[in-house]
Amino acid sequence: SDNVCPWCYIGLGELDSVAKDYDLKIDWRPYMLRPDAPEEGWELPERFRASHDDPNSPINQRAQALGLPLKARTRIPNSRRAHECTEFARSQGKEQAFHDSLITRYWSNAEDLHDWAVLEAAAKDAGLDGAQMKAEVEAGKWKQAVEEGVAAAHELGINAVPTFILGNKFAVQGAQSAQVFRQAFERLKSGLS
């Protein structure tokens, strides 16, 4: 997943809609949509801005159907720092809470995931020490973990997000409907591969 991917946000919404029916543990792994992104982020191309502004665009329609707030933006932040902070959160056993805060801050509030104030606020939301997180990330402690996570995704043949690996047996690629997730979980429960 990449926090700046709108389809990852939609896919998570679809997964969340069936999660209550299954015993799920979500383990977010990093993927860089733009590994070459400049540190300061980049301007969202006009064609994507127009799509975000169009209430009839597929992404806006899906978000609305799931009850997910989706704020338009003109810039996309470089997500590497957010991925490194997520690895810190994982080491503290708070990856899910941190991820939930990040995704809400980014998509619902249009906050910049590269901004330390936003990342530290998400850390606080998750019960983490934001100052410790910042110090470790700035020291480069979590850079290799992100690089290894991205490399592992490529080794599995993942070249687009969202990609959900279910029970180490099925890959669901894209922001599929809740029904697709439900069918895959039912196959896992019944022992089918």
Side-chain angles (χ1 to χ4, degrees), residues 1-34 44 47-73 76-77 79 82-83 85-87 89-90 93-111 113 118 122 125-126 146 149-150 152-154 156-193:
S1 179
D2 195 340
N3 291 309
V4 299
C5 165
W7 292 110
C8 293
Y9 180 53
I10 300 297
L12 174 61
E14 294 285 0
L15 181 60
D16 281 348
S17 72
V18 299
K20 66 186 175 307
D21 298 330
Y22 300 94
D23 182 23
L24 301 183
K25 180 190 179 303
I26 300 174
D27 183 15
W28 295 105
R29 295 299 173 161
Y31 189 90
M32 299 290 297
L33 278 176
R34 292 275 313 263
L44 188 64
R47 71 181 193 277
F48 292 117
R49 278 193 234 169
S51 175
H52 279 280
D53 293 340
D54 178 1
N56 295 315
S57 74
I59 199 156
N60 284 330
Q61 297 243 325
R62 294 275 303 275
Q64 184 177 7
L66 291 165
L68 298 173
L70 188 63
K71 293 263 178 126
R73 60 194 26 82
I76 306 281
S79 60
H83 283 305
C85 290
T86 301
E87 292 305 313
R90 180 188 319 283
K94 306 238 174 150
E95 168 216 0
Q96 186 65 51
F98 183 74
H99 182 273
D100 289 348
S101 180
L102 276 185
I103 207 142
T104 298
R105 287 176 175 282
Y106 185 70
W107 290 107
S108 300
N109 305 339
E111 295 179 28
L113 296 185
V118 172
D125 293 345
V146 170
V150 171
H154 289 293
L156 289 171
I158 297 170
N159 55 23
V161 287
T163 298
F164 299 89
I165 307 296
L166 308 177
N168 290 323
K169 291 188 177 188
F170 300 115
V172 174
Q173 192 169 38
Q176 299 296 329
S177 71
Q179 185 58 32
V180 170
F181 286 110
R182 190 176 300 284
Q183 288 170 348
F185 293 138
E186 289 300 321
R187 287 185 70 183
L188 284 171
K189 279 175 56 177
S190 67
L192 296 174
S193 55

Are Arg90 and Arg29 close enough that some pair of their side-chain heavy atoms sits under 4.5 Å apart?
-> yes
For Lys71 and Ala110, the nearest pair of non-hydrogen atoms, with its separation, is CB-CB, 3.7 Å
Rounded to the nearest 0.5 Å, what's the gap from OG on Ser108 to CD1 on Ile103? Could you check?
-> 9.0 Å
Flag, side chain of Thr104 to backbone of Ser101, donor-acceptor distance under 3.5 Å = no
Residues passing the ring-ring contact (aromatic ring centres under 6.0 Å, His included) test with Phe98, sequence neighbours excluded, are none
Side chains of Ser1 and Pro162: closer than 4.5 Å at any heavy-atom pair?
-> no
Is there side-chain contact between Ile158 and Ile165, with at least one heavy-atom pair below 4.5 Å?
-> yes
Answer with yes or no whether the side chains of Gln96 and Asp100 bring together a donor and an acceptor at under 3.5 Å.
-> yes
Summary of salt bridge (Lys or Arg N to Asp or Glu O under 4.0 Å) pairs that have at least one residue in residues 9-24, sequence neighbours excluded | Glu14-Arg62, Asp21-Arg182
Shortest non-hydrogen pair, Pro77 vs Leu113, comes out as CG-N, 3.9 Å
Counting only heavy atoms not in Gln179, do more than 12 sit closer than 6.0 Å to its CD atom?
-> yes
According to the interplanar angle, ranging from 0 to 90°, do the rings of Trp28 and His99 count as parallel (below 30°), tilted (30 to 60°) or perpendicular (above 60°)?
-> parallel
Would you mind reporting whether Tyr9 and Ile59 have side-chain heavy atoms less than 4.5 Å apart?
-> no
Could you give me the CA-CA distance, side-chain angles and deciding distance for Tyr22 and Glu186, then say whether side-chain contact (heavy atoms from CB on, under 4.5 Å) is met?
-> CA-CA 9 Å; Tyr22 300 94; Glu186 289 300 321; 2.7 Å; yes
Thr163 versus Ala160, closest heavy-atom pair with distance | OG1-O, 2.7 Å
Which one of Asn3, Val118, Ile76 satisfies the side chain to side chain contact (heavy atoms under 4.5 Å, CB included) criterion with Tyr106?
-> Ile76
Glu87 side chain reached by Pro30 side chain, heavy atoms, under 4.5 Å = yes
Output the distance between atom CG (Leu102) and atom NE2 (His83), rounded to the nearest 0.5 Å.
-> 10.0 Å
Could you walk me through whether Arg73 and Val4 pass side-chain contact (heavy atoms from CB on, under 4.5 Å), step by step?
-> CA-CA 11 Å; Arg73 60 194 26 82; Val4 299; over 6 Å; no
Given side chains that start at C-beta, do those of Tyr31 and Ser79 come closer than 4.5 Å, heavy atoms only?
-> no
Between Leu166 and Phe181, the two heavy atoms sitting closest are CD1-CD2, 4.3 Å
Does Trp107 reach the side chain of Ile10, with side-chain heavy atoms less than 4.5 Å apart?
-> no
Ion pair Asp2/Arg34, N-O distance below 4.0 Å = no
Is there a donor-acceptor pair closer than 3.5 Å between any side-chain N or O of Asn109 and the backbone N or O of Glu111?
-> no
Do Ile26 and Leu15 have side-chain heavy atoms sitting under 4.5 Å apart?
-> yes
Non-hydrogen atoms of Val18 and Phe185 that approach each other most closely | CG2-CE1, 4.0 Å
